[in-house]
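Below, all heavy atoms of this structure are taken into account, side chains as well, without hydrogens, waters or symmetry copies.
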Amino acid sequence: MRGNRWFAGAVALAICGSAFAQTAEQSFEKKVVEAVTLFKSGKSEEALSNFEALNKENPRSSDVQAWLGYLYLRAGKAPDAVKFLEQAETQRPRDVDILNNLGNAYLATNQFEKALTKYVAISKLDPKLFEPYYNSGAIYIRQKNWPKALEVLTQAAKLNPTDAFVQNNLGVTHEAMKQDAKAASHFKKAADLRPDNATFARNAGVTLARLGKSEAIVYLERSNAAATDPAVAMALADAYLKAGRGPEALKLYESVRDTEGKSSAFWFNLGVLRGKQGDEPGAEQAYRKALDINSNDLDTLGNLGLILYRKGKYEEAVVLFDKLAGLNPSSVTAKINLGAAAAQVGDMKKAVEAWKGVIRAEPTRTAVRLDLANALFAAGDIDGARYHYNQVLLMSANNAEALNGLGLCFLKANKLPQAEAAFRSSIEADSKLILAYSNLAITLEKAGQRAEAIKTLERALKLAPEDEDVKRNLQRLKTSD
């Protein structure tokens, strides 16, 4: 239950009537009438003082007892109210107003079972009275007896369908029963019946937002305008974000930094919002603050690692991705990113270990398998590299990079015909892969086919006129004896 949804108006008080025939001749009765008149004219404290005096004068008067109970209840003195209302009930056990106020006094003093007993008695005396059902619902909500709360509040709503508090409490009950769609319907009714009530708007907005309904914005905006509530502001920000209103979402998040700044989740979300608006330095700052609060947050480690990788801060990115992979060993993404960052700093042992972990988990990751094969080849593990190049080709027979890598393995083993065939297949698969042209030229040169090697490099130079390696090798071949 978020906040104090149902407390306001949780009980319905009943103004007690006077059973006296108010005549001038009856002094006591006249004083009662005067005290009632004071109350009705807004002078509650004076009325209470008069009734206290009248009680001393006649402690047996049920009218005085009933009024004292009612006035004490209104004044927040529920224990005093209980005493006088119990006395009044003894004399008038079927008086609905006395029973209702006594039930409310029991409710205010946490004597829930006694209160429920009085509300049941009222319902039997007057089945059309909605207050006892509503007040019983308030008790069942406190007791978390959701089926009973639903039963009595549904009856209250039938008797008074336009009571916003009943609708709100039905929303609370359905939400507690994991029935969000029904809860949202009742919260909306409550908020529409009482547009001035920020709590009702908040409940409707938050529940609708949880359901992914765009109409949540209307209610969240209303609640946010009426009262400062960081939870509402963040819910509204999330709703704005889903609606493509990023700048408004970011503005709201920024507005509650002072109150929410101790939460790592807040800083993470702020980092996401800043990042979506293109403020990468701001996003980095937010993610760092999130890690200061919770150094093991997986999402923050991943997002900050990616920012650092894009900025070329590979060593720090390696630290973050390595920690993330350790905290979340099942994360394939963490291992992929760790491998990429480790390769950038030249730590091929760590890169290979990470990429092997990816392939064990997801063997069809072609790009990762190629990175692994290339790293193994660079480390001198030709057999390991050839195995992974072949695995790629089993999944994608015309993969130009795998064919080029396989050609390098043949070239390393001085198997020139096989190397030439692999490089030509690579070029056929991707005519723009310059590395394959260069490797084919090297193979042809080693096979004594210098003229063919020159032609191959000339083709490559037309495709990549700025490639310095191709220019240099072509010049060497043309000028050598």
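Scanning all heavy atoms of the two residues, the minimum distance from Ala325 to Leu338 falls at CB-CD2, 4.3 Å. For the residue pair Arg202 and Ser223, the shortest heavy atom distance occurs at CB-OG, 3.4 Å. Contact between Gly69 and Leu85 at its shortest, heavy atoms only, is CA-CG, 3.6 Å. In plain terms, the two heavy atoms of Pro127 and Leu159 that are nearest each other are O-CD1, 3.8 Å. Of all heavy-atom pairs spanning Leu107 and Ile139, the tightest one is CD1-CG1, 3.3 Å. A pairwise comparison of heavy atoms in Ala184 and Leu208 identifies CB-CD2, 3.8 Å as the closest pair.
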Going through the checks in order, is the side-chain contact (heavy atoms from CB on, under 4.5 Å) test met by Glu221 and Tyr240?
-> CA-CA 10 Å; Glu221 285 179 335; Tyr240 279 150; 2.6 Å; yes
Under the side-chain hydrogen bond (donor to acceptor under 3.5 Å, both in side chains) rule, what do Arg60 and Gln65 come out as? Steps first, then yes or no, please.
-> CA-CA 8 Å; Arg60 292 284 303 162; Gln65 293 165 349; over 6 Å; no
Would you check, one step at a time, whether the test side-chain contact (heavy atoms from CB on, under 4.5 Å) holds for Asp63 with Val36?
-> CA-CA 10 Å; Asp63 275 310; Val36 172; over 6 Å; no
Would Asn168 and Val172 satisfy side-chain contact (heavy atoms from CB on, under 4.5 Å), going step by step from the backbone distance to the final call?
-> CA-CA 6 Å; Asn168 183 72; Val172 172; 4.2 Å; yes
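A donor-acceptor pair under 3.5 Å links the side-chain atoms of Thr90 to the main chain of Glu86, judged by distance alone. In this structure, Trp146 contributes its side chain and His174 its backbone to no donor-acceptor pair below 3.5 Å. Side chain of Ser136 to main chain of Pro132: a donor-acceptor pair is present (N/O by atom type, distance under 3.5 Å, no hydrogens or angles). Proximity of a side-chain donor or acceptor of Ser396 to a complementary backbone N or O of Leu393 within less than 3.5 Å is not detected. Distance alone, capped at 3.5 Å, is enough to place a donor-acceptor pair between the Thr37 side chain and the Val33 backbone. Judged by distance alone, with hydrogens and angles left aside, the side-chain atoms of Asn100 form no donor-acceptor pair with the main-chain N or O of Val96 at under 3.5 Å.
Here the side chains of Leu68 and Leu54 are not in contact, with every heavy-atom distance at 4.5 Å or above. The shortest side-chain heavy-atom distance between Thr259 and Val256 falls under the 4.5 Å cut-off. Residues Gln91 and Gln87 are not in side-chain contact: their nearest non-hydrogen atoms beyond the backbone lie 4.5 Å or more apart. Looking at heavy atoms from C-beta onward, Thr117 lies out of side-chain contact with Tyr119 at the 4.5 angstrom threshold. The shortest side-chain heavy-atom distance between Asn135 and Leu116 does not fall under the 4.5 Å cut-off. Contact of the Tyr287 side chain with the Phe268 side chain is registered, since non-hydrogen atoms from C-beta on lie closer than 4.5 Å. Using a 4.5 Å cut-off on side-chain heavy atoms (C-beta onward), Asn224 and Asp229 make no contact. In this structure the side chain of Asn110 reaches within 4.5 angstrom of the side chain of Arg142, judged on heavy atoms.
With sequence neighbours left out, Arg257 forms a side chain to side chain donor-acceptor pair (under 3.5 Å) with Glu254. Tyr253 is linked by a ring-ring contact (aromatic ring centres under 6.0 Å, His included) to Phe266, counting only residues two or more places apart in sequence or in another chain. Take Tyr309 and apply the ring-ring contact (aromatic ring centres under 6.0 Å, His included) test, not counting sequence neighbours, and it matches Tyr314. Contacts of Asn328 classified as side chain to side chain donor-acceptor pair (under 3.5 Å), with partners at least two apart in sequence or in another chain: Ser330. The ring-ring contact (aromatic ring centres under 6.0 Å, His included) search around Tyr389 returns none, not counting sequence neighbours. Ala239 meets the side-chain contact (heavy atoms from CB on, under 4.5 Å) test with Ile217, Leu220; sequence neighbours excluded. Residues passing the ring-ring contact (aromatic ring centres under 6.0 Å, His included) test with Phe51 are Trp67, sequence neighbours excluded. For Asp180, the side chain to side chain donor-acceptor pair (under 3.5 Å) partners are Arg210, not counting sequence neighbours.
Summarising the geometry, atom CZ belonging to Phe165 is positioned 14.0 Å from atom CG belonging to Leu170; distances are rounded to the nearest 0.5 Å. Taking OG of Ser255 as the reference point, atom CD of Glu260 lies at 9.5 Å (rounded to 0.5 Å). To the nearest 0.5 Å, atom CG of residue Asp163 and atom CD of residue Glu131 are 8.5 Å apart. Atoms CG and CG, on Leu250 and Leu241 in that order, are 9.5 Å from each other to the nearest 0.5 Å. Taken to the nearest 0.5 Å, the CZ atom of Arg222 stands 13.0 Å off from the CG atom of Leu236. With rounding to the nearest 0.5 Å, the separation of CG in Asp126 from CG in Leu99 is 11.5 Å.
A salt bridge links Arg288 with Glu316: the closest approach of a Lys/Arg side-chain nitrogen to an acidic carboxylate oxygen falls below 4.0 angstrom. With salt bridges taken as basic N to acidic carboxylate O contacts below 4.0 Å, none links Glu52 and Lys56. With respect to the salt-bridge test (charged N to carboxylate O, under 4.0 angstrom), the residues Asp95 and Arg92 qualify. Ionic pairing of Glu57 and Lys31 is present here: one or more N-O contacts between side-chain nitrogen and carboxylate oxygen are shorter than 4.0 angstrom. Of the charged side-chain nitrogens involved, none lies within less than 4.0 Å of a carboxylate oxygen, so that Lys335 and Glu353 do not count as a salt-bridged pair.
For CD of Glu315, the number of neighbouring non-hydrogen atoms (other residues, nucleotides, ligands) closer than 6.0 Å is 12 at most. Within a 6.0 Å sphere centred on CD of Glu45, heavy atoms belonging to other residues, nucleotides or ligands number 12 at most. Atom CG of Asp258 has 12 or fewer neighbouring heavy atoms from other residues, nucleotides or ligands inside a 6.0 Å radius. Environment of CZ in Arg310: crowded, with over 12 heavy atoms of neighbouring residues, nucleotides or ligands closer than 6.0 Å.
Within the structure, salt bridge (charged side-chain N to carboxylate O under 4.0 Å, His left out) pairs that include any residue of residues 103-119 comprise Glu89-Lys118 (at least two apart or interchain). Applying the ring pair (Phe, Tyr, Trp, His ring centres under 6.0 Å) definition to pairs two or more places apart or across chains, those involving residues 75-96 are Tyr72-Phe84. Contacts classified as salt bridge (charged side-chain N to carboxylate O under 4.0 Å, His left out) and involving residues 363-376 (residues at least two apart or in different chains) are given here: Glu362-Arg365. Among residues at least two apart or in separate chains, salt bridge (charged side-chain N to carboxylate O under 4.0 Å, His left out) pairs with a member in residues 320-330 are Asp322-Lys350.
Each of His186, Lys188, Lys189, Arg194 was compared with Gln167 under the side chain to side chain donor-acceptor pair (under 3.5 Å) criterion, and only His186 meets it.
Ring centers of Tyr70 and Phe39: under 6.0 Å apart, within the cut-off.
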